[in-house]
Amino acid sequence: MSTERTQVLLSQEETVRQYEFIEKAALHVQRLKEELGRQPTCCVTTFGCQMNARDSEKLTGILERAGYQLIEEENADFVIFNTCTVRDNANQRVYGRLGVLNGYKRKNPNMKIALCGCMMQEPTVIEKIKESYRFVDLIFGTHNIYKFAELLNSTFENKGMVIDIWKDTDKIVEDLPVERKYPFKSGINIMFGCNNFCSYCIVPYVRGRERSRRPEDIIREITNLVADGVVEVMLLGQNVNSYGKNLEEPMTFAELLRKIEKIEGLERIRFMTSHPKDLSDELIQVMKESKKICRHLHLPLQSGSTRILKDMNRRYTKEQYLALAEKIRREIPDMAITTDIIVGFPGETPEDVEETIDVVRKVNYDNAFTFIYSKRTGTPAAAMENQVSEDVVKAGFDKVLKVVQDTAREQVTKYRGMVMDALVEEVNEHDTTLLTGRLSNNTLVHFPGDASLIGKIVNVSLDECHGFYYMGHMVD
Ligand code: 5AD
Ligand code: SF4
């Protein structure tokens with residue numbers, strides 16, 4: 001039997017096992033309910049990216065099946081932090097919030113606190129928690145999240161802190177329960193991990209090597225989601241452009257998109273994130289021809305300086321990036337392009353920052369997330385000697401941010417007066433007579449309408465541009 005086939009069978013066995021643990025955990029939760037005289041509550045807090053948001057939906061699915069009621073407040077009977085470690089400020093926020101949880105737990109001895117996600121894959125973090133945060137009940141990492149039901153159960157059956165961290169895995173377990181945040185849209189993991197080792201980035205160390213899900217599993221999941229009311233999917237992977245390379249029958253990302261496009265009832269397809277070095281002409285062609293792929297491409301630049309890009313191990317030059325962006329603009333003129341930029345990478349000079357600004361001006365991004373470089377222990381960049389001083393970084397950051405904001409505002413304003421389709425996502429928080437919809441190009445638009453339209457795609461005239469969003473009205 002092929003290894004992939006064996007893996008599928010093992011995965012199915014594991015799914016059955018985990019469902020058994022949900023049943024077991026449910027008995028404990030039932031007992032707790034009787035003791036408390038009310039339904040136990042849970043809270044799932046997500047830090048970081050869309051991958052984590054999707055993982056949190058899986059955690060929620062299991063907690064709800066076990067009998068917890070999901071609430072927003074962190075003063076719940078079971079609280080789990082799904083953590084991020086891509087930049088140090090994410091870590092610091094987790095430690096700060098843990099202090100608050102400790103206060104809650106003192107008042108509620110039944111409370112259980114769990115930590116999972118990328119930050120837990122770092123040995124120094126585990127040491128710190130073992131030493132200074134003894135009140136935490138459960139810690140697990142990114143590779144064994146599928147075991148959450150089993151681990152949840154063990155918090156009822158063990159005394160003390162349960163810690164289960166794996167270094168890596170080649171396992172993908174399918175078909176566990178998921179509780180979606182939105183009924184009409186959903187993230188879908190198409191691959192896990194990253195093989196790129198950009199020199200600043202901790203992701204390859206905490207998420208492991210690239211593994212693609214089998215196309216038939218992805219298609220089945222999306223087909224089921226569509227039957228359940230989903231109209232928009234976001235395909236998730238650290239580098240979706242290298243999807244399928246390690247499958248038994250290799251397949252390109254463009255081929256996967258063609259298959260997904262055929263799913264009836266599915267209206268919109270998004271994906272994230274694309275690495276510029278792997279974005280093929282085939283993919284541009286598929287995007288161009290597609291009726292469903294949204295007009296939004298997130299194409300992280302990181303730096304506009306070829307010298308810095310080389311040290312970052314990004315494997316493209318400034319010129320190659322610009323040529324790619326130009327090709328996309330030429331082939332698909334209505335495609336919104338967004339990006340990520342890092343300022344303050346070791347050795348970066350004000351001249352390098354100017355190169356980044358030059359790219360921002362030339363590409364005209366619809367939006368750009370600008371980050372201050374954060375030193376991540378264990379990455380090659382952390383060991384580089386020429387770290388940039390804080391005030392130089394801050395000056396460069398402010399400069400880039402200003403240009404990013406100006407060009408993005410100008411770019412987004414270009415859609416004024418157009419009629420575009422918007423997926424209605426929610427009633428506006430500040431003014432309940434308004435609905436908030438998302439355009440294919442990812443820009444938000446607010447317009448008068450009734451809550452019954454949530455989840456529907458409607459035509460909206462884009463009347464006034466307010467920087468990064470529009471005010472509009474519905475048209476037939
Ligand atoms: N410092 C700052 N930003 C980083 N990113 C990844 N690693 C770091 C780091 N060490 C940014 C990159 C990436 C985004 C998800 O986070 O821009 O695209
Ligand atoms: Fe990090 Fe680079 Fe992988 Fe993105 S492609 S997750 S920045 S190593």
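Counting convention: from 1, in listed order, for ligands and their atoms alike. Just so it is clear, the structure is predicted and the values come from calculations on it, not from any experiment.
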*Kindly write out the residues that satisfy ring-ring contact (aromatic ring centres under 6.0 Å, His included) with Y243, not counting sequence neighbours, or none if the list is empty.*
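If we apply the ring-ring contact (aromatic ring centres under 6.0 Å, His included) test to Y243, skipping adjacent residues, there are no hits.
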
_Protein heavy atom at shortest distance from atom 7 (S) of ligand 2_ =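 Heavy-atom neighbour on the protein nearest atom 7 (S) of ligand 2: Y200 OH, 3.4 Å.
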
Salt-bridge present ([X], [Y]; N to O < 4.0 Å):
X	Y	value
R207	D55	yes
K130	E127	yes
R213	E221	yes

[X] side chain to [Y] backbone, donor-acceptor under 3.5 Å:
X	Y	result
Q387	A381	yes
N246	E210	yes
D137	V162	no
T46	N82	no

_Atoms of type N/O/S from protein, distance to atom 3 (Fe) of ligand 2 below 2.8 Å_ =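 Of the protein's nitrogen, oxygen and sulfur atoms, 1 lie under 2.8 Å from atom 3 (Fe) of ligand 2.
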
Ligand 1: which protein N/O atoms lie under 3.5 Å from its N/O atoms?
unit_1, atom_1, unit_2, atom_2, d
ligand 1, 1 (N), S374, N, 2.9
ligand 1, 10 (N), Y200, O, 3.0
ligand 1, 10 (N), S374, O, 2.8
ligand 1, 16 (O), R87, NH1, 2.8
ligand 1, 17 (O), Q302, OE1, 2.6
ligand 1, 17 (O), Q302, NE2, 3.4
ligand 1, 18 (O), Q302, NE2, 2.9
ligand 1, 18 (O), D340, OD2, 2.7

*When you measure from the centre of the six-membered ring of F140, is the NZ or CZ of K147 under 6.0 Å away and within 45° of the axis?*
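Judged by the rule, K147 and F140 form no cation-pi pair.
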
Atom pairs and distances, side-chain donor-acceptor, residues 363-371, under 3.5 Å, sequence neighbours left out:
unit_1, atom_1, unit_2, atom_2, d
Y365, OH, Y321, OH, 2.9
D366, OD2, Y415, OH, 2.7

_Under-4.0 Å heavy-atom contact with ligand 2, by part of R207 that carries it_ =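 Answer for R207: neither.
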
